[in-house]
Each structure stands twice: as structure tokens, then as C-alpha cells.
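Written below as C-alpha cells is the structure these notes are about.
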Amino acid sequence: MARGGQGLARVAVVVRAGAAPLWWLGVVAAGIGAVPEGLTGRRIGVLAGAALFLVTAVVVLCARRRRYTALARGAARAGKYDVLQDRAVTARNWRRGHRWWLLLAFLAAVGSSFAAPAAGGLLLAGAGAGLHLKAAWLGRLERSGEALLWVRVDWLGRGGGRPAGKAVKAFRSTGIAAGDAAPGGARRRTAALV
């Protein structure tokens, strides 16, 4: 980076990057998994899957919230020469870094349907829903502090994930209008041209 600047990725975008793939792979796996009768029977499998969906979503939502809050409180202002990574690049890096894990999780969810129909797929979808809720929570945190949260790209690791992992020593912050993603990591809506 020029003059000592760092590449920065939005924290909420990194969290949100896994939400859609996990959700859709989970929905597809649950749909495929509802076809076989399974060992438990379809009704019990779907009920167990619904319980797993809720528990997984809550666990993913609540995981490391204190760490995120502490890092957000201690966030230093981004430097003049720091480079803000685009939302699409951050999401693509996460998905490329986790593609084999996503494939294995999908295959495991489909395979588990022969024991408990749809349960594995609903668990996967619950993880996606939990990540989406966590990104929304981060968006509220960003709005309340009137600052977007960023993390150094080189601290994310090879998979482009873990924005609050051990390697992350601090967050950086910018004004609420910086970058191409809104608070929470969603695509920023552009004003309609009149």
C-alpha cells in the first residue's frame, strides 16, 4: 500500500458474506432431504431440523458479540492512505476461501437426510440466518456510533474470514458514508435520479 496504508475490509460485509450461500445451500439441502423417509421419519426430521435452525441461528448471532463490541469501542480512525476494499471483493474473497467447506457442509446436510430428513439442511440455513442477523446487529452498532467498522485484510487470513479472530488486534473506523456498503454490509442504495 502507498505510504504505509493498509487494505481494509468492512467487518459487516465479511460477516454477511457467508449468510446467502449458507442459507440457500441449506434450503436446497432441506428440500432434497425432505424426499427420503429417513430413519426417524419425515415429521420428526423436519421438527428436529426446525429446532436446530432456531438454536443455530441464535448461537451464530450471539457468538463473539463481546469481542465485536470491545473491538468497535477501541476502533482507531482509518488513515489517509488506507485502501477501502469494495463490498464485492470482500464477499468474493470469503466465498472463494470457504468454497470447499460450503460444498462439504452441503453434502453432509444432504447425506444426513437419510437419518433425519431435512434436519441437516435446516441447520445449515440456520447458520446463514444467524450470520444475516449478526450483520444487521453490526449495522445497528455502526449507526449508533456513526462510524463504519473495518478490519485489516491481512488479519483475515487465507479464507478471508474471521473478522474478530485472534489475529485481529483492532478495528478501524470511517465516516458513515465511506465505501460502497451501507451499515450492516448491505449494498448501498443509490438515490434515484430525477
* Over 12 foreign heavy atoms within 6.0 Å of CZ, Arg65 -> yes

* Asked: Between Ala78 and Thr174, which heavy-atom pair has the shortest distance, and what is it?
  -> CB-CG2, 3.7 Å

* Structure fact -> Heavy atoms of Arg143 and Pro183 approach each other most closely as NH2-O, 3.7 Å

* Given Arg152 and Leu8, is the side-chain contact (heavy atoms from CB on, under 4.5 Å) satisfied, shown in steps? -> CA-CA 5 Å; Arg152 280 176 46 174; Leu8 302 178; 3.8 Å; yes

* Provide the closest heavy-atom pair for Ala170 versus Leu71 in the form atom of the first, atom of the second, distance. => CA-CD2, 3.8 Å

* Asked: Is a side-chain donor or acceptor of Glu142 paired with a backbone partner of Ile176 at a separation under 3.5 angstrom?
  -> no

* Pairing residues for Leu141 by the side-chain contact (heavy atoms from CB on, under 4.5 Å) criterion, not counting sequence neighbours -> Ala72, Trp137, Leu138, Leu149

* **Neighbour count above 12 (heavy atom, 6.0 Å) for Arg162 CZ** => no

* Asked: Under the side-chain contact (heavy atoms from CB on, under 4.5 Å) criterion, do Leu102 and Leu25 qualify, and how do the steps go?
  -> CA-CA 8 Å; Leu102 290 169; Leu25 288 174; 3.9 Å; yes

Name each donor-acceptor pair under 3.5 Å that joins a side chain in residues 126-136 to protein atoms two or more places apart or in another chain, with its distance.
| residue | atom | partner | partner atom | Å |
| --- | --- | --- | --- | --- |
| Lys134 | NZ | Val60 | O | 3.1 |
| Lys134 | NZ | Ala63 | O | 2.5 |

Compile the donor-acceptor pairs under 3.5 Å between side chains in residues 38-52 and protein atoms, sequence neighbours left out, one pair per line.
| residue | atom | partner | partner atom | Å |
| --- | --- | --- | --- | --- |
| Thr40 | OG1 | Ala115 | O | 3.3 |
| Arg42 | NE | Ala34 | O | 2.6 |
| Arg42 | NH2 | Val35 | O | 2.7 |
| Arg42 | NH2 | Glu37 | OE1 | 3.4 |

Residues 104-114, side-chain donor-acceptor partners within the protein, below 3.5 Å, at least two apart:
| residue | atom | partner | partner atom | Å |
| --- | --- | --- | --- | --- |
| Ser112 | OG | Ala108 | O | 3.4 |
| Ser112 | OG | Ala109 | O | 2.8 |
| Ser113 | OG | Val110 | O | 2.4 |

* Does Arg172 have any side chain to side chain donor-acceptor pair (under 3.5 Å) partners at least two apart in sequence or in another chain, and if so, which? -> Asp82

* Asked: Judged by atom type as modelled, is there a donor-acceptor pair below 3.5 Å linking the side chain of Arg10 to the main-chain atoms of Gly179?
  -> no

* Can you see which heavy atom on Ala29 is nearest to which on Gly121, and at what distance? => CB-CA, 3.8 Å

* Asked: Does any N or O in the side chain of Arg99 come within less than 3.5 Å of the main-chain N or O of Arg96, such that one atom is a donor and the other an acceptor?
  -> yes

* Which atom pair, heavy atoms only, marks the closest approach of Ala164 to Tyr68? -> CB-CZ, 3.7 Å

* Trp94: ring pair (Phe, Tyr, Trp, His ring centres under 6.0 Å) partners, not counting sequence neighbours -> His98

* Expected output: side-chain Asp180 to main-chain Arg87 donor-acceptor under 3.5 Å -> yes

